[in-house]
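Structure, as structure tokens:
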Amino acid sequence: MSVTSSVPAPVATVPLRPGDHAAVHELARMAFGERSAFDPDLPRPAPDRHRCVYDGDRLVANAVTVDFTQAFGGRFVACGGLSGVMIATDRRGRGLGRRVVHDSLVAMRERGQVVSALYPTTASLYRSLGYEVAGWWGETAVALTDLPGDDEGLDWEPCRVDDARVREVAHRRAALHDGWVGSPEYLWRRRAHRRGEGVDDDCFVGSRDGAPVAAVWLRYRDADDAVFALSAGLLTGIDHHALVAACALVAAHATTTRELVTTLPEHVLAGVCEHPQRLRRRDQWVWMLRLVDVDGALEARGWNPAVEASVVLGIDDDPVFPANVGRRRLVLEGGRARVIPTTDDADVSAGVGTWARWYAGGSVTAAARRGEVTVGDPTALALLEAAVATGTGPATLPDFF
Ligand SMILES: CC(C)(COP(=O)(O)OP(=O)(O)OC[C@H]1O[C@@H](n2cnc3c(N)ncnc32)[C@H](O)[C@@H]1OP(=O)(O)O)[C@@H](O)C(=O)NCCC(=O)NCCS
């Protein structure tokens, strides 16, 4: 296709029309090769979370926002997870993709979502709208014999995957890792819905002194070289020992299968496995982050409490939100930030995408070396590096949404 567009198409987007989820499914078949039959009962985001373009009765463009929170520096930040960006094959290259993403961002900001995350199939589209690559999703295989043994003996019991105790454990763990999601209600309902659908699985919650501290959600599939293939939808614990106990529960399957496939990031697995050199990455995907409301995003996250600083940030450009452009003084104290508009010279300035990468723990010094950043005060670079170093990175996003 030779047609290209550098601006969003001048068309209006609308919410999904009532009863049109089947049309979204049809678009997914065309865009992503979706093979499953349409399931009318599958929990989905509300129609008003979609930005759509119709041609008469035909849905030709779609993007949907999933509402959740994302952890940064130990605090959960309101995030719009952008998903299902799909343009009918015969309507591509006319700016519709950029239009539905642009309008989704505007809607997020109106709803108070200060950041947005997504998994891109083309980074250029999202970069052109202010997103930047922030980290990785990865699937890793670990031999069951390399998982640790239980070092404390939790009390385990089977439960539903959407059990309140499982959700509490997952949420507490998510706070420890930059980029992890505080899963929205709809994702839990979706997980529970899929349960009865021929996907063979089990969920267990582990308690310490009567309080839930670990959870494991296992899925079984056919395998050629073992009784079954094992993957973890969830493998989590509120602290190191609880996570070790969760791993030990999985290792109990070692007579029937060889390895576990998990989206736990390698740096977390390396902390519990004695032989991290044997971990094997199966699959990976980058994820991108956008600061939708720069001031709101800076104030919402947690910061390194050891850093007390006052730094003037310059946001040089933002392709969607002029309100983000300009200078603000970031005052860091006690792990929290205050943001004050200023006309003072910027200590460090860059485009909104570069600031998104830094927000997720990316090196602003490395960005300066690449010429992405204008530096007024070189000492500010080290302060900004330290400010986002909260012991909760590197930022990963282990949940597809
Ligand atoms: C990706 C997709 C949404 C783009 O929609 P579109 O309406 O054709 O895109 P636009 O005309 O608005 O173009 C916007 C930008 O997208 C990117 N883009 C579009 N088609 C692309 C392609 N085939 N390869 C790489 N990038 C592409 C370009 O950066 C383009 O900007 P440019 O025209 O200035 O170069 C569309 O091709 C699609 O539905 N693909 C299948 C599903 C998919 O991959 N969805 C994205 C999931 S994250």
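For ligands, and for the atoms within them, numbers begin at 1 and follow the listed sequence. The basis for the numbers below is simple: all heavy atoms, side chains too, and nothing from hydrogens, waters or symmetry mates.
- Closest heavy-atom approach to atom 8 (O) of ligand 1 within the set Ala31, Gly93, Ala63, Ala88: this belongs to Gly93.
- Annotation: Pro120 places no N or O atom under 3.5 Å from an N or O atom of ligand 1; distance criterion only.
- Contact annotation: the side chain of Arg109 approaches that of Phe321 to within less than 4.5 Å [non-hydrogen atoms, C-beta and beyond].
- A salt bridge does not link Glu139 to Arg280: none of the charged nitrogens lies less than 4.0 Å from a carboxylate oxygen.
- Only the backbone of Arg94 comes within contact range of ligand 1, with a heavy atom under 4.0 Å; no side-chain atom does.
- Within the 4.0 Å heavy-atom criterion, the part of Tyr126 lying near ligand 1 is the side chain and not the backbone.
- Between the side chain of Gln70 and the backbone N or O of Gly179 there is at least one donor-acceptor pair closer than 3.5 Å.
- A salt bridge links Asp399 to Arg191: at least one charged side-chain nitrogen sits closer than 4.0 Å to a carboxylate oxygen.
- With sequence neighbours left out, the ring pair (Phe, Tyr, Trp, His ring centres under 6.0 Å) criterion links Phe401 to Phe68, Tyr119.
- Taking 4.0 Å as the cut-off between side-chain N and carboxylate O, Asp201 and Arg219 do not count as a salt-bridged pair.
- Residue-to-ligand polar distances keep Arg91 apart from ligand 1: every N/O pair is separated by 3.5 Å or more.
- Between Arg127 and Glu132, at least one side-chain nitrogen of the basic residue sits less than 4.0 Å from a carboxylate oxygen of the acidic one, meeting the salt-bridge criterion.
- Every atom of ligand 1 with a heavy atom of Thr121 under 4.0 Å away is listed here by number and element: 43 (C), 44 (O), 45 (N), 46 (C), 47 (C), 48 (S).
- Near Val85, the atoms of ligand 1 lying under 4.0 angstrom from a non-hydrogen atom of the residue are 3 (C), 42 (C), 43 (C), 45 (N), 46 (C), 47 (C).
- Inclusion of Thr122 in the set of residues having an N or O under 3.5 Å from an N or O of ligand 1 is warranted.
- Note: no N/O pair closer than 3.5 Å links Tyr119 and ligand 1 by distance alone.
- Under the ring pair (Phe, Tyr, Trp, His ring centres under 6.0 Å) criterion, Phe38 pairs with His25, sequence neighbours left out.
- At under 3.5 Å, not a single nitrogen or oxygen of Met86, backbone or side chain, sits near a nitrogen or oxygen of ligand 1.
- Look at Gly95 and you'll find a heavy atom under 4.0 Å from some atom of ligand 1.
- Of the candidates Ser124, Gly97, Ala61, it is Gly97 that places a heavy atom closest to atom 9 (O) of ligand 1.
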